[in-house]
Amino acid sequence: MQEQSLERFSWREHPDAVELGFSHYLNLIERRLQGEDISLVQGLRQFYQTELGVSLRETQARGLMHRDSSVFIDYVNQVTGERFTPNVEYWETLGLDAFLSWTKRFNSAQNIAAIDLEEEQGDITGSRRIGREGPAVRRTTVVRQIYRDNALSRFLKYLYDSHCQVCGFSFPLPRGGIYVECHHIRPLGNPHQGPDIENNMLVLCPNHHAMMDYGVIAVHPENRAVLSIDPSLAQQGQPLQLQKHVLKVEFLEYHYTHHFGR
Ligand SMILES: [Zn+2]
């Protein structure tokens with residue numbers, strides 16, 4: 001019975017296999033950097049077997065952690081927008097401190113990612129319900145779509161360290177992570193058909209997100225100043241407090257024309 005389920009069950013089908021495996025992998029690297037004589041391949045295989053009940057071949061384990069192109073590299077890239085080097089020799093050169101400081105940054109980006117998934121839980125469930133009636137491929141596409149969107153908003157939240165671009169505000173959550181939202185300047189969907197790309201997005205606190213949606217505030221398409229129908233707004237006429245990515249003029253013009261003050 002046990003063997004049958006192992007045979008049937010690939011790591012690719014386990015929803016948390018990459019996240020949990022990578023977290024354990026970081027742990028193994030840390031132990032190696034602290035001088036422990038352990039094998040990363042064996043350690044990873046053992047982890048998958050005992051913790052997730054997934055039987056991993058040696059080549060599969062090596063594939064997960066290959067230095068040039070691997071599942072782990074793609075995973076890190078999706079969470080942080082950064083490239084990770086899963087090569088213990090590389091980290092041995094930089095030293096334990098550098099590794100731990102990288103790990104700390106990764107974990108903070110990971111917390112942001114976890115909040116995103118919780119937020120969209122409703123959407124995922126909904127998509128699965130549709131998927132059960134339609135072809136399986138549709139479900140995969142919908143789930144992938146959500147992952148891609150998450151990756152982009154996660155990247156932007158990471159870029160701004162979860163601070164609002166208008167006012168710089170952010171707040172921590174009791175279970176870890178910092179809360180902030182992503183806004184599409186030209187809205188997605190009908191009738192606006194705005195694109196899901198970073199040049200069409202702003203990182204905002206919930207207040208400024210709602211004010212943007214209701215057309216109370218806008219960003220000036222030319223000088224990036226905050227415009228408001230409420231003259232008492234503290235940021236009125238001031239440039240965006242945080243600007244670390246490029247906003248496209250045409251999207252700002254669209255919002256200004258179709259939403260601001262309407
Ligand atoms: Zn704000």
Side-chain angles (χ1 to χ4, degrees), residues 78-82 104-123 146-189 192-262:
Q78 208 178 34
V79 174
T80 65
E82 266 185 27
K104 206 175 152 190
R105 272 190 299 135
F106 174 76
N107 286 337
S108 115
Q110 177 99 57
N111 279 334
I112 298 172
I115 295 164
D116 277 347
L117 284 178
E118 270 174 34
E119 266 174 35
E120 305 209 16
Q121 204 74 54
D123 290 351
I146 290 166
Y147 260 93
R148 193 175 62 81
D149 298 348
N150 270 341
L152 190 57
S153 62
R154 260 189 311 233
F155 167 68
L156 283 175
K157 290 173 184 181
Y158 176 75
L159 186 68
Y160 287 92
D161 200 18
S162 295
H163 288 79
C164 174
Q165 286 190 252
V166 170
C167 68
F169 180 69
S170 73
F171 61 90
L173 294 166
R175 288 193 290 138
I178 305 173
Y179 188 83
V180 81
E181 299 179 353
C182 270
H183 166 71
H184 285 89
I185 302 165
R186 176 172 181 155
L188 305 177
H192 309 293
Q193 299 295 344
D196 188 30
I197 53 173
E198 63 178 76
N199 319 105
N200 186 31
M201 290 164 87
L202 283 166
V203 177
L204 298 172
C205 69
N207 276 354
H208 286 131
H209 192 180
M211 290 169 91
M212 204 65 87
D213 282 343
Y214 283 105
V216 177
I217 58 172
V219 175
H220 193 287
E222 299 302 329
N223 63 14
R224 308 290 190 267
V226 177
L227 305 169
S228 173
I229 62 160
D230 174 7
S232 70
L233 186 90
Q235 290 79 17
Q236 167 79 291
Q238 301 293 317
L240 281 176
Q241 196 165 324
L242 300 169
Q243 295 187 57
K244 296 181 176 184
H245 76 293
V246 176
L247 300 174
K248 259 195 166 176
V249 175
E250 59 175 280
F251 305 136
L252 294 171
E253 275 172 353
Y254 187 91
H255 179 262
Y256 181 78
T257 314
H258 293 82
H259 296 273
F260 181 55
R262 278 164 193 272

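Both counts, for ligands and for their atoms, begin at 1 and track the order of listing.
Below the 2.8 Å limit, the Zn ion (ligand 1) has as protein N, O or S neighbours Cys164 SG, Cys167 SG, Cys205 SG, His208 ND1.
When side chains are defined from C-beta on, Val219 does not count as touching Gln165, because their heavy atoms never get closer than 4.5 Å.
With Asn200 contributing its side chain and Pro195 its backbone, the two residues share a donor-acceptor pair below 3.5 Å.
When the ring pair (Phe, Tyr, Trp, His ring centres under 6.0 Å) test is applied to His259, the partners found at least two apart in sequence or on another chain are His192, His255.
Between Phe171 and Phe169, the two ring planes are tilted [angle within 30° to 60°].
The two atoms that bring Gly168 and His163 nearest to each other are O-CD2, 2.9 Å, heavy atoms only.
The six-membered or imidazole ring of Phe251 lies away from that of His184, with a centre-to-centre distance of 6.0 Å or more.
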